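Chain A is the first sequence line, chain B the second, and so forth, proteins listed ahead of strands; every chain is numbered from 1. Computed from a predicted structure; not experimentally measured.
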Protein chains: 2
Amino acid sequence: MQRVRIKDVAREAGVALSTAALALRDDSRLRPETRRAVREAAERLGYVYDRSAALMRSGKSHTVGLLVCELTNPFYAELTAGVEEALDEAGYATMLANTSESVLRQRRMLERFREQPVDGVLLMPATGTPPALIGELQAWRVPHATVVRGFRAGAHAGPDNRAGTRLATEHLLGLGHRRIAFLGGAARNSVSTGRWDGYARSMARAGLAAEHLPCSTDIGAAAAIAQALPPESPTALVCFNDSVAFGATLGLLRAGRMPGRDVAVTGFDDVREAAHWYPPLTTIRVAPRVIGQAAARVLLHRMEQPEAPPLREILPPALVVRESCGAGLRRAD
Amino acid sequence: MQRVRIKDVAREAGVALSTAALALRDDSRLRPETRRAVREAAERLGYVYDRSAALMRSGKSHTVGLLVCELTNPFYAELTAGVEEALDEAGYATMLANTSESVLRQRRMLERFREQPVDGVLLMPATGTPPALIGELQAWRVPHATVVRGFRAGAHAGPDNRAGTRLATEHLLGLGHRRIAFLGGAARNSVSTGRWDGYARSMARAGLAAEHLPCSTDIGAAAAIAQALPPESPTALVCFNDSVAFGATLGLLRAGRMPGRDVAVTGFDDVREAAHWYPPLTTIRVAPRVIGQAAARVLLHRMEQPEAPPLREILPPALVVRESCGAGLRRAD
DNA sequence: TGGCAGGATTGGAACGTTCCAATTACCCTG
DNA sequence: CAGGGTAATTGGAACGTTCCAATCCTGCCA
C-alpha cells in the first residue's frame, strides 16, 4: 500500500495533476464542482499533503522557529503558549526549541532553523547572547524579532520594564516607605537594566537613595538573602521578578518576619502562582500571553514587509495590589 | 546573490555533485582528503544544507513531533525539556506543539505532524482524548508513544501512579493518621484512576475507609475545598498532585489551620516550587526530566524496531518528606 | 459562421537532495 | 601484460509539489 499522491487523486477524479493540485489548494480559478470532485477523490483515497515537497518547490514553509531561553520558567512557558496561539491563527506552525539558557544550544538550534528552513525566527535570547548574533541573523536574511530580552535595534516585543518598576516603587513610596531596596537583577541584559532604572529613577525623583541587593533569579538564592536581612534594613523590597519575590517572602517568613506587615515585597510578571502565594503577591502584571501575541504580530509584519522599518512593541505593565506590599495594613498607620 | 547548493560546492571543489553530496555527509567511501576539500569549499561559499530537499527524497526528517497537553503546567514543561534534551542527543529535532488540553487542537497538530512529516510522535493526550485516536495513529503507521497519560496498550512512559499514592498513604498511616482523604482526581483518565487506586488499596489494607474529595487540578478550586473543610474532617489529605496540594495548604491557612500541624498534606510530582512552598511540601517525586528521557527512549526504540513489541517504562516514584505532612512534629505525640 | 475574450484546464519544467547503478582508477596476481 | 578485484568517483533518475506558459472550451457578438 503506497502513499497517495496528488497524481493518484487526479487520476481518481479524472482531471490533470495540476488541476488536482489547484483544487486541493481551493484555487478560485477552478470551477467549484471541480474542486469538490477532487476534494472528494482525495478523501476517498486518504490523501495526505506532503509539506516537504511543497516547501522544497515553493520555499515557503509556513513555519516559524521559536527559541525559548527557559521553557521551565512559567513566565516563558505562558509567553510561548501565547506566541503559538497567535501564529497558529495566522496559519503558521511553530517550531519550538528550548535553549535552557545555553548560548551553545541556542546557536545549534538557530543553525537548524536555517537548514529547515523556517520562514521567520522569534528569539528570546539566552543570557550571555552576544549582540553580534543579531547581525548574523540579518546576514542570513531570515526575518526575525526578539522577545522580552532585546537589543538596541530590530523588531522587538516586550514589557516596559522601566515603567513596571516605577509603578511598584511609586506605590511603595505612596504607602510611606522610605528605605526601599531593589532585590535581584544581577545579570547584564536589557531587562535587568530597565527594571533597575525604573526603580532608581523613582527613588531619585523622591530624593531618596537607591540600594541594590544583587541576586540571581533563583528562588532559593533570594530566600537566603532575605532571611539574612538585618533588622535595620529596608522596609520594602522591589524584586526583579516574581521568582525573586517568592524567595524574598519565604526568607522573611523563615526569619520570623511577615511579608506585607513587617517588610513590603513586590514582584514582577504576575505569574499564575503569584495570586496563590502566601501571602498573595503584589506585583507588576505584564501578561505574558499578550506579549506573545505582540511578538507574533511584530514578526509577521517583518515577514510580510521585510523592507519596512522593524516594529517595536513595548507593552505597558499594570500594578496588581495584593497583600505582600501591605497596602491593606498600612492604612492603619 | 543566489543560495548556494551542493552543485556549487561541487564545482568549487572540482568534483562531481554526487561526490560533494557524499563528502558533506562524511561518507567513508570517499578519501579523507576529498572530504576535507569539499568541506572547505562548502565553508568558503557559505553552503547551507537544505533539509526540505533531503526529507523529500529520503523520507527521513530526523524530527519528532511532541504534543504537550499543557505547556504552562510546570510539570509538563519540565518533562518537555527532558524529552527535547534526550532526543537532541540522539540526533533528532523536536517539533513541539501545545494543545492546551484541547482535543480539537490536538487533532489539528497531529494532522500537521502527519503532513510535515515527522519520523515519530510523542503524545501527552489532552483530557478527553478518545482512545480511538491511538488506533488512528496506528493506521497512519507513524511510530508513536504516549507519555504520562496513557492507554491500555502501546509504547508508553510514565510514573507508577499507584505506587506513588501508596507511598504517600502509608507514610501518613505510619505517622498515626486514621482519617485520610484523597483530594482531587475528578478527571477520568489513567492518571486519576491509578493515583486513587494506590490510595484506596492502602486504606483498605489498613482496614480503613477511603474518602474521596473530588476536585479539579486548579489551585483555587482546591483552596476553596480545603478552606471549607469542617473541623471533624480528615486529619490528612493525599492530594492528586502538587497544584492541588498547594491549593489545600492555602485553603487551610486561610481557615486558620496550619498545614503539617493541624492537617497533614502530601502532593504528587515534586515540581520545583514544592520545596519552596510555605510550608515546604511533602510529596511524591516522579522526576519529570527522567520521564522525559524514558519517553524519548521508548519512542526511539519504536522507530528503530517498528515490529518489536512496544516498550512500556513505568517509573518508580520516591517519597520526599518535608514539612507539610508534619513528620517532624508528630514525633512529639 | 468566424473571431474573440475570458475562464477553466493542462503539460512540463523546475526545486536540491538522495539513491542506485555505472564508470573509472588503481593495484595486485598469475 | 591481461585479467580481476576493490576503492573512489560519477551520472542520472527519482521524490511530490508548485509555478508558468500554453491550450482548450464556451458563449457571445459581428
Side-chain angles (χ1 to χ4, degrees), chain A residues 1-39 41-42 45-63 91 93 112 114-119, chain B residues 1-39 41-42 45-63 91 93 111-119:
Chain A
M1 183 184 110
Q2 277 288 77
R3 244 189 118 154
V4 182
R5 302 284 145 239
I6 288 195
K7 199 205 314 182
D8 307 310
V9 174
R11 195 181 314 121
E12 168 85 9
V15 297
L17 189 153
S18 342
T19 310
L22 284 176
L24 289 171
R25 273 178 285 158
D26 214 26
D27 193 299
S28 65
R29 276 172 293 184
L30 255 36
R31 277 189 5 251
E33 52 264 46
T34 310
R35 276 183 261 168
R36 205 169 36 85
V38 172
R39 213 162 267 289
L45 299 182
Y47 166 73
V48 179
Y49 180 61
D50 182 335
R51 271 172 203 280
S52 64
L55 165 56
M56 165 163 180
R57 175 65 241 236
S58 70
K60 296 262 133 259
S61 67
H62 289 277
T63 299
R112 177 133 200 153
R114 200 179 170 204
E115 294 179 352
Q116 198 78 12
V118 297
D119 293 343
Chain B
M1 186 184 110
Q2 278 288 78
R3 232 188 130 150
V4 181
R5 289 148 292 178
I6 291 196
K7 200 205 312 182
D8 306 310
V9 174
R11 195 183 312 123
E12 169 84 10
V15 297
L17 188 153
S18 347
T19 310
L22 284 175
L24 290 172
R25 271 176 289 159
D26 214 25
D27 191 298
S28 65
R29 279 172 293 186
L30 256 37
R31 281 190 359 253
E33 52 265 43
T34 310
R35 277 184 260 167
R36 206 170 35 85
V38 171
R39 215 161 265 291
L45 298 183
Y47 167 73
V48 178
Y49 180 62
D50 182 334
R51 271 171 202 280
S52 61
L55 165 55
M56 163 158 185
R57 177 66 243 237
S58 71
K60 296 262 132 259
S61 67
H62 289 277
T63 299
E111 216 101 327
R112 177 132 201 154
F113 284 161
R114 201 178 168 205
E115 295 179 353
Q116 198 79 14
V118 296
D119 294 342

#### Entry: Nearest heavy atoms of B:Ala13 and B:Ala37, plus distance in Å
CB-O, 4.4 Å

### Summary
B:Ser52 and A:Leu55 have their tightest heavy-atom pair at CB-CD2, 3.3 Å

### Query
Heavy atoms, side chains only, cut-off 4.5 Å: are A:Thr63 and A:Gln116 in contact?
no

### Message
Could you report the tightest heavy-atom contact between A:Gly59 and A:Asp119, atom names first, then the distance?
### Response
O-OD1, 4.0 Å

### Message
I need the minimum non-hydrogen distance between B:Ala42 and B:Leu24, along with the two atoms involved.
### Response
CB-CD2, 3.9 Å

### Task
Sort and list the pairs that fulfil salt bridge (Lys or Arg N to Asp or Glu O under 4.0 Å) and have at least one residue in residues 8-26 of chain B, not counting sequence neighbours.
B:Arg5-B:Asp8, B:Asp8-B:Arg11, B:Glu12-B:Arg44, B:Asp26-B:Arg35, B:Asp26-B:Arg39

### Query
Start at the 5' end of DNA chain D and walk down; is the nucleotide closest to A:Ser18 or to A:Asp50 reached first?
A:Asp50

#### Entry: Heavy-atom pair of closest approach, residues A:Val9 and A:Tyr47
CG2-CB, 3.7 Å

### Task
Let me know, please, whether B:Arg57 or A:Ala53 comes out on the 5' side of the other along DNA chain C by nearest nucleotide.
A:Ala53

### Summary
Residues passing the side-chain contact (heavy atoms from CB on, under 4.5 Å) test with B:Leu17, sequence neighbours excluded, are B:Ile6, B:Lys7

### Message
Run the side-chain hydrogen bond (donor to acceptor under 3.5 Å, both in side chains) test against A:Glu115 and tell me which residues pass, sequence neighbours left out.
### Response
B:Arg51

What N/O pairs connect the protein and nucleotides 6-9 of chain D at under 3.5 Å? Give each pair on its own line.
| residue | atom | partner | partner atom | Å |
| --- | --- | --- | --- | --- |
| D:dA8 | OP2 | B:Arg29 | O | 3.3 |
| D:dT9 | OP1 | B:Arg31 | NH1 | 2.9 |
| D:dT9 | OP1 | B:Thr34 | OG1 | 2.8 |
| D:dT9 | OP2 | B:Arg31 | N | 3.1 |
| D:dT9 | OP2 | B:Thr34 | OG1 | 3.4 |

#### Entry: Over all atoms of both residues, closest heavy-atom pair of B:Val4 and B:Leu45
CG2-O, 3.3 Å

#### Entry: Non-hydrogen side-chain atoms of A:His62 and B:Arg112 separated by less than 4.5 Å
yes

### Query
Counting any heavy atom closer than 4.0 Å, what does B:Ala21 reach on the DNA or RNA strands: base, sugar-phosphate only, or nothing?
base

### Query
What is the nucleic acid contact for B:Arg51, judged by heavy atoms within less than 4.0 Å: base, sugar-phosphate only, or nothing?
nothing

### Task
Between A:Tyr49 and B:Ala20, just flag the one whose closest nucleotide in DNA chain D comes earlier from the 5' side.
B:Ala20

### Covered region of DNA chain C, 5' end to 3' end, by chain B [heavy atoms, under 4.0 Å]
C:dG16 to C:dC19

### Message
Can you give me the bend angle of the helix from C:dT1-D:dA30 to C:dG30-D:dC1? Use the axis through the first five pairs and the one through the last five, nearest 10 degrees.
### Response
60°

